[in-house]
Amino acid sequence: MGNGDSRVRGFAARAGGWSARHRWAAVGIWVLFVVLAMGLGSAAGRVDVKDSDQLGGETHTAARIIEDAGIEEPASETVLIQAKGDGVKATDAEFRAAVTAVVTAVEKTGEVTDVTSPYESDTISKDGRSALVQFDMRGDSDTAGERVEPVLNAVEEVQKDHESLRIEEIGGASMMKTFDDAFGDDFKKAEFSAVPVAFGILLIAFGALVAAVLPVILALTAIMATMGLMGIVSHLQPMSDTANSVMLLVGLAVGVDYCLFYLRREREEREAGRDAQTALRVAAATSGRAIIVSGVTVCVAMAGMLFTGLAEFEAMGLASLMVVAVAMVGSVTVLPALLSLLGERVEKGKIPFLHPESKLRRNRGRGNRESRFWTAVLKGVLAKPVVSVVVAAGALLAIAAPALGMKTQQLTLDQEFGDSLPIVQTYNRLNEAFPGGSEPAEVVVKADDINAPEVKSALADFRERAISSGASRGPVDIKLHDEQNVAFVYVPLVGGSDLDKAGASLDKLRDEVRPATLGKVDGVEAPITGQVAGSKDFNDQLGGAVVPVFAFVVVFAFGLMLLSFRSLTIAVTSIVLNLLSVGAAYGILVAVFQHGWGASLVGAEGVGAIISWLPLFLFVILFGLSMDYHVFVVSRIREARLRGRTTKDAIQHGVVTTAGVVTSAAVIMVAVFAIFGTLSMQSMKQMGVGLAAAVLIDATIIRGVLLPAVMALLGERNWYLPKWLNRLPDLTHDEAPEAVTRGAARDDEGERVPA
């Protein structure tokens with residue numbers, strides 16, 4: 001084999017061989033790496049994404065002005081006082097007494113400042129039945145949620161004394177506290193339950209305790225090392241909690257998957273009668289290489305997120321990319337060393353009825369290694385490939401159809417949590433009485449001299465025009481910071497919690513009111529920010545990022561498949577099948593969460609929109625993860641083809657022998673993602689359901705029906721590579737390392753799959 005062999009053995013085979021020979025060194029280096037990464041990471045500390053870097057557009061400009069001026073915007077709170085019946089008005093003595101009681105009670109806590117009564121600031125609703133007491137929390141707005149409890153308690157006490165009125169508090173700090181109470185635990189539950197779930201499925205897949213523990217240990221050490229690396233890297237690219245959660249999710253799914261592929265192949269080779277060392281070598285050269293191709297593809301897909309220009313996305317992309325890279329390196333280095341150390345002991349802790357040996361005995365010799373279910377499905381698919389392609393592709397296109405009407409936005413409080421929290425009802429009542437009052441637009445005005453007469457008159461003009469233009473019903477509140485020459489103008493937007501209508505009011509402010517007033521004064525900057533503006537700017541920026549990210553991921557994945565399989569046909573079909581599964585996932589998301597079809601089955605409700613960041617995030621993650629199975633299955637088909645089987649026979653062999661491992665891997669991913677579908681937040685439900693649905697479609701319809709049917713139809717054209725592409729570097733592995741070549745004849749007999 002001479003020179004072929006040096007190319008063949010490739011990086012994966014060489015790494016596996018080295019690790020198996022220097023077992024303790026390989027394990028030691030891995031442990032040292034994990035400990036060092038964690039130590040350095042905790043010493044460096046994690047730098048998180050700053051609010052001003054989160055977005056582009058006016059939102060970014062406004063945040064920059066506030067930051068440069070050194071103004072700490074306090075968390076503002078509002079107490080809504082509302083008559084329950086029709087008789088009571090804000091001018092009545094009882095109502096006035098309640099307002100006074102609220103003002104006194106909140107001031108007494110010592111946690112608040114700048115308390116304004118509705119009678120001073122004119123915050124009484126049009127119908128005269130509702131009024132707002134407004135105040136700011138003392139101290140840092142980021143931690144106000146931790147100090148708001150005594151204030152909430154004080155307001156509750158006043159409510160007890162005034163039965164005929166509704167007295168409720170809402171604002172930045174109280175919402176923060178509600179979030180933390182309800183969903184901090186939620187996340188922890190999800191993260192903690194993911195590991196036992198994965199472990200349980202691995203137990204069923206391997207039927208042996210030790211074999212099931214290995215992938216979990218490897219995935220967890222990869223996650224721990226990545227957490228440390230995130231700390232170090234965050235000094236160049238800030239990280240975030242969302243990035244951490246996503247990293248955990250991806251790390252567990254991918255880390256466990258890679259080990260599963262390797263372990264199953266090694267066990268399969270031993271079952272075929274090879275000695276442990278040869279089995280390891282074959283696993284390294286075949287599954288090891290598939291892991292590297294798949295890992296690099298996933299990393300490239302994740303790198304797509306770095307093109308969005310959105311700090312939160314860049315953090316998610318980088319964190320996921322790092323955990324996949326660490327898991328991939330661990331799988332091809334420390335795993336072979338551990339397997340070599342354990343030898344036969346990897347089968348310790350056999351579980352009756354689940355271990356392959358007991359299955360072998362039950363099935364008298366043939367074993368259940370080739371899944372009977374997939375053998376039956378494939379028989380039908382390969383007999384009628386045209387029908388199979390038409391039916392499967394038709395079904396996926398039908399599922400994907402609703403995606404054409406996808407609408408994305410940041411979810412408002414009532415969309416995110418439904419009616420499950422009392423604060424949501426307060427939010428809705430406040431928006432009804434004071435449209436847009438719960439989340440007003442904020443105009444940040446920066447001038448050379450904020451008290452100059454022309455600036456003062458422009459501010460007064462702006463306030464008047466904001467209402468006369470119909471963008472706001474008032475009250476428009478102006479706060480001056482004389483020293484910094486900055487003013488904050490708070491404008492409640494007509495449309496309230498309906499982001500489409502509120503967005504139209506925002507456009508009026510930005511495009512009509514501002515140019516006619518503040519825009520006429522030289523040297524004045526007046527970017528408009530706030531929740532509605534944030535959602536709009538985020539969507540605009542994301543919209544601009546979609547094309548470059550899609551193009552980058554698709555082109556790179558295509559190139560990698562082309563080099564890995566040296567076949568133009570396989571590269572093209574891989575991309576098309578992947579896009580189909582992503583499209584189907586989008587269709588399911590829109591049907592369930594936008595239109596509400598079958599939403600109650602996943603404990604959700606149709607909220608009329610998909611959270612803005614999800615489509616792009618799903619595309620990137622799914623493109624990476626589905627390549628995982630694809631590379632694995634196609635590698636096996638190509639391997640069988642190179643050993644002299646016909647293409648049809650090779651397809652049957654490849655799909656059936658990988659059925660068990662791909663099914664186990666998919667079940668683990670679906671289970672881990674589905675856990676996120678059980679969280680209370682709509683956005684997390686959408687992420688969990690979207691990911692789980694796509695992986696399920698990918699591992700069943702695409703891998704079991706479409707891929708074999710398309711390959712069967714293409715026949716020998718599957719391996720087509722135009723002559724002019726022959727100069728491309730060769731990243732294939734010769735699927736016949738010496739060990740396989742020696743046993744090829746015997747193996748081909750021993751493993752022939754019944755047609």
Side-chain angles (χ1 to χ4, degrees), residues 51-52 57-76 78 113-124 126 131-136 138 141 172 434-437 439-495 502 504-534 536-537:
D51 285 348
S52 59
E58 292 194 21
T59 323
H60 176 72
T61 316
R64 204 201 62 242
I65 292 174
I66 295 169
E67 231 168 69
D68 292 349
I71 298 170
E72 277 290 332
E73 270 199 284
S76 57
T78 301
T113 159
D114 217 358
V115 184
T116 54
S117 148
Y119 304 113
E120 298 160 21
S121 60
D122 194 26
T123 45
I124 295 170
K126 276 222 165 97
L132 304 179
V133 174
Q134 293 168 313
F135 53 90
D136 291 333
R138 287 184 191 277
S141 63
F434 301 90
E439 277 143 359
E442 181 183 0
V443 191
V444 179
V445 184
K446 169 101 176 90
D448 298 330
D449 175 10
I450 203 79
N451 288 310
E454 65 273 24
V455 178
K456 286 224 140 155
S457 103
L459 277 170
D461 265 2
F462 181 87
R463 169 190 254 169
E464 191 272 319
R465 283 225 189 180
I467 296 172
S468 65
S469 70
S472 174
R473 293 202 193 120
V476 176
D477 194 19
I478 300 180
K479 267 191 189 169
L480 290 175
H481 290 268
D482 297 337
E483 278 175 37
Q484 291 90 350
N485 284 314
V486 171
F488 294 140
V489 184
Y490 298 99
V491 187
L493 295 172
V494 168
S505 304
L506 174 77
D507 289 341
K508 241 183 226 167
L509 283 187
R510 282 180 170 177
D511 304 338
E512 291 171 27
V513 179
R514 181 175 55 190
T517 55
L518 293 161
K520 290 187 168 162
V521 186
D522 285 345
V524 166
E525 270 187 285
I528 301 178
T529 181
Q531 202 220 351
V532 178
K536 189 175 183 309
D537 292 350

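FYI, side chains are in, hydrogens and waters are out, and symmetry mates aren't considered; it's all heavy atoms of this structure. Quick caveat: nothing in here was measured; it's all calculated off a predicted structure.
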Measure the NZ-CD distance between Lys479 and Glu442 for me, rounded to the nearest 0.5 Å.
-> 9.0 Å
What's the spacing between Gln134 CD and Thr116 OG1 if we round to 0.5 Å?
-> 5.0 Å
Stepwise, does the side-chain contact (heavy atoms from CB on, under 4.5 Å) test hold for Ile124 with Tyr119?
-> CA-CA 8 Å; Ile124 295 170; Tyr119 304 113; 3.8 Å; yes
Show which side-chain atoms of residues 449-460 pair as donor or acceptor with protein atoms under 3.5 Å away, not counting sequence neighbours.
{"from": "Asp449", "atom 1": "OD1", "to": "Asn451", "atom 2": "N", "distance (Å)": "3.0"}
{"from": "Asn451", "atom 1": "OD1", "to": "Lys456", "atom 2": "NZ", "distance (Å)": "3.4"}
{"from": "Asn451", "atom 1": "ND2", "to": "Asp482", "atom 2": "OD1", "distance (Å)": "3.4"}

Determine, step by step, whether Val445 and Phe462 satisfy the side-chain contact (heavy atoms from CB on, under 4.5 Å) criterion, reporting the C-alpha distance in whole Å, the side-chain angles of both residues, the deciding distance to 0.1 Å, and the verdict.
-> CA-CA 11 Å; Val445 184; Phe462 181 87; over 6 Å; no
If you take all heavy atoms of Ala516 and Arg465, which pair is closest and at what distance?
-> CB-NH1, 3.2 Å
Would Thr78 and Val133 satisfy side-chain contact (heavy atoms from CB on, under 4.5 Å), going step by step from the backbone distance to the final call?
-> CA-CA 6 Å; Thr78 301; Val133 174; over 6 Å; no
Atom CD in Gln531, atom NZ in Lys536: separation rounded to 0.5 Å?
-> 14.5 Å
Check: Phe135 and Thr113 side chains under 4.5 Å, non-hydrogen atoms | no
Those residues at least two apart in sequence (or on a different chain) that pass side chain to side chain contact (heavy atoms under 4.5 Å, CB included) with Ala69 are Ile71, Gln484, Val486
Quick one: ring pair (Phe, Tyr, Trp, His ring centres under 6.0 Å) partners of Tyr490, sequence neighbours excluded?
-> none
Dump the intermediate steps for side-chain contact (heavy atoms from CB on, under 4.5 Å) on Val489 and Val491, then the final yes or no.
-> CA-CA 6 Å; Val489 184; Val491 187; 4.0 Å; yes
Shortest non-hydrogen contact from Ala441 to Ile528?
-> CB-CG2, 4.1 Å
CD1-NZ distance between Ile65 and Lys446, expressed to the nearest 0.5 angstrom | 7.5 Å
Spell out, as yes or no, whether a donor-acceptor pair under 3.5 Å connects the side chain of Asp136 to the backbone of Asp114.
-> no
Scan side-chain atoms only and decide if Asp537 and Thr59 contain a donor-acceptor pair under the 3.5 Å cut-off.
-> yes
Minimal heavy-atom distance between Ala487 and Leu480, with the atoms involved, is CB-CD2, 3.6 Å
Minimum heavy-atom distance between Asn485 and Asp448, given as atom pair plus value | ND2-O, 3.0 Å
Gap separating the CG atom of Leu132 from the OG atom of Ser117, nearest 0.5 angstrom = 10.5 Å
Is the number of heavy atoms from other residues, nucleotides or ligands within 6.0 Å of CZ (Arg514) greater than 12?
-> yes
With Arg463 as reference, evaluate Val513, Val476, Val443 under the side-chain contact (heavy atoms from CB on, under 4.5 Å) test and give the passing residue.
-> Val476
Out of curiosity, Ser505 OG to Arg510 CZ, how far, rounded to the nearest 0.5 Å?
-> 12.5 Å
